[in-house]
Amino acid sequence: MTDRAYALRFISGKYQGGEYPLAETGELVIGRSSDLDMVLIEDMVSRKHAKITLQPGQITISDLGSTNGTFVNGEKVKRARLKEGDRILIGTSILKLVSMARQAGAPVIDAKAAQQNLERTAAAQEKKSGGRTAVQGRLEEVPLVDLLQLLSTSKKTGAIVIKGYRGGRVHLRSGKVVSAVIDADPTLPPKKALYRMVTWSQGGFEFVPHEGEMAAMPQEIAEGTEQLVMEAMHQADELGRGNLPAATAAIGIAMPLTPKLRELPPDEIDLVQLVHNYGVVQAVLDRASGSDLEVSQKLAALIQRGYLRQF
């Protein structure tokens, strides 16, 4: 027996605030069908949606061919091993795997009582919200990638409004991300703004539904939401590795400048000019065309080739 007991905590959706304790071994089948272990009554959940397999020292989740998919930490999965802190999206519910010290002599998990507790939580939530399913919370608990998958799957139209020391909005039409705006820099291209916002880990959010048809927006994003989320996560990982110039770093033209400027293609000459004019990586990222990752990689290459230097 391990010294940790695990539970699934609902951090968003109809059952928000509820908790379902997990046994040490066995299987937990989740879905809409009333004869399952964990019953989630909502349209976006398939009759048999997912299965959690519990073994000493290992917890895995498998999608059971659900219509809308099962997501772990924003990524669609067929089967995945879970660890403490992982977030699972099923329908419009986001669940977090949490652990606590196992109490000696703790009672065996009562699945029926756990399900009844979830239903009581859902009833209390519905009463509190007047029947409306409000999607709101904090990015510390529910990251933007999870929100985007949730709203994409449920084909919502409206805006995710983020407030805090940084603010912005992500607009969706029938679940597809069409635009993103950062309040402090509204001129940023929408895709570039979205990739930055995915890295935000603090702030409050609320999804504000849009009534009626949403009009066309400037520079609408063409890619599908899942493709965007995958690319945003990839860019965040690459930028977080620490082998590219930091956004806060001072940067300038190498002195003496030995390599020939005429050997550079036009896009790299434009970058050198931005570096000369602004002298800080963040200012260059804000003004250069291309994503932050693409620009950072070009800056790193120019440093390596002796055109630029970091202070």
Side-chain angles (χ1 to χ4, degrees), residues 5-22 28-34 36-46 49-50 52 59 61 66 68-76 82-100 109-164 170 172 175 200-209 229:
Y6 290 90
L8 293 171
R9 179 178 296 157
F10 287 74
I11 58 176
S12 182
K14 178 179 177 179
Y15 301 92
Q16 186 173 352
E19 206 164 272
Y20 194 104
L22 298 176
L28 177 74
V29 182
I30 305 167
R32 208 173 67 242
S33 182
S34 59
L36 300 181
D37 305 303
M38 184 194 286
V39 183
L40 303 180
I41 307 295
E42 54 166 297
D43 295 341
M44 306 302 300
V45 174
S46 296
H49 197 107
I52 290 181
I59 302 173
I61 187 164
S66 66
N68 294 304
T70 301
F71 297 82
V72 176
N73 299 329
E75 196 170 333
K76 195 171 189 177
L82 299 176
K83 62 184 184 303
E84 185 178 355
D86 281 349
R87 305 173 314 276
I88 305 154
L89 170 62
I90 294 175
T92 62
S93 291
I94 299 175
L95 305 82
K96 187 176 185 179
L97 183 66
V98 298
S99 81
M100 60 220 78
I109 302 298
D110 184 338
K112 190 176 178 182
Q115 182 64 40
Q116 287 172 344
N117 282 338
L118 280 189
E119 288 163 12
R120 278 195 289 271
T121 301
Q125 274 281 90
E126 189 175 18
K127 189 175 179 182
K128 184 179 169 185
S129 64
R132 292 175 290 104
T133 306
V135 180
Q136 58 185 21
R138 296 200 60 79
L139 294 175
E140 291 92 324
E141 192 78 334
V142 185
L144 186 55
V145 287
D146 287 22
L147 278 177
L148 292 174
Q149 294 289 16
L150 186 160
L151 297 166
S152 170
T153 304
S154 51
K155 301 204 170 6
K156 298 288 188 187
T157 297
I160 302 169
V161 180
I162 299 171
K163 292 181 178 175
V170 180
L172 299 100
W200 293 359
S201 57
Q202 290 180 304
F205 68 82
E206 181 180 4
F207 179 70
V208 180
V229 167

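Please read these numbers as outputs of a predicted model, since none were measured by experiment. Atom set for the values below is all heavy atoms of this structure, side chains included, hydrogens, waters and symmetry mates excluded.
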Let's go through Ile61 and Asp86 carefully: what are the C-alpha distance in whole Å and the side-chain angles of both, what is the deciding distance for side-chain contact (heavy atoms from CB on, under 4.5 Å) to 0.1 Å, and is it a yes or a no? CA-CA 11 Å; Ile61 187 164; Asp86 281 349; over 6 Å; no

Quick one: are Tyr6 and Leu82 in side-chain contact, heavy atoms under 4.5 Å? no

Candidate list Gln16, Lys14, Glu42, test side-chain hydrogen bond (donor to acceptor under 3.5 Å, both in side chains), partner Ser93, passing option: Glu42

Shortest non-hydrogen separation from Ala7 to Pro21 and the atoms involved: CB-CA, 3.9 Å

Student check: side-chain heavy atoms of Val145 and Arg87 closer than 4.5 Å: yes

Full working for side-chain contact (heavy atoms from CB on, under 4.5 Å) between Phe207 and Leu172: CA-CA 10 Å; Phe207 179 70; Leu172 299 100; 4.2 Å; yes

Of all heavy-atom pairs linking Ser12 and Val142, the shortest is CB-CG2, 4.3 Å

For Asn73 against Asp146, the heavy-atom pair lying closest together: C-OD1, 3.7 Å

Taking all atoms of both residues into account, what is the closest heavy-atom pair of Thr70 and Ile88, and its distance? CG2-CG2, 4.2 Å

Just so I know, are the side chains of Met38 and Leu8 near enough to count as touching, which here means a heavy-atom distance under 4.5 Å? yes

Check step by step if side-chain contact (heavy atoms from CB on, under 4.5 Å) holds for Ile30 and Val45. CA-CA 9 Å; Ile30 305 167; Val45 174; 5.5 Å; no

Is the number of heavy atoms from other residues, nucleotides or ligands within 6.0 Å of CZ (Arg32) greater than 12? yes

Side-chain contact, heavy-atom cut-off 4.5 Å: Val170 with Leu147? no

Give a yes or no on whether a salt bridge exists between Glu141 and Lys96, defined as a side-chain N under 4.0 angstrom from a carboxylate O. yes

Distance check, rounded to the nearest 0.5 Å: Arg9 atom CZ versus Ile94 atom CD1? 14.5 Å

Output, in order, the C-alpha distance, side-chain angles, deciding distance and verdict of side-chain contact (heavy atoms from CB on, under 4.5 Å) for Phe71 and Thr153. CA-CA 11 Å; Phe71 297 82; Thr153 304; 3.9 Å; yes

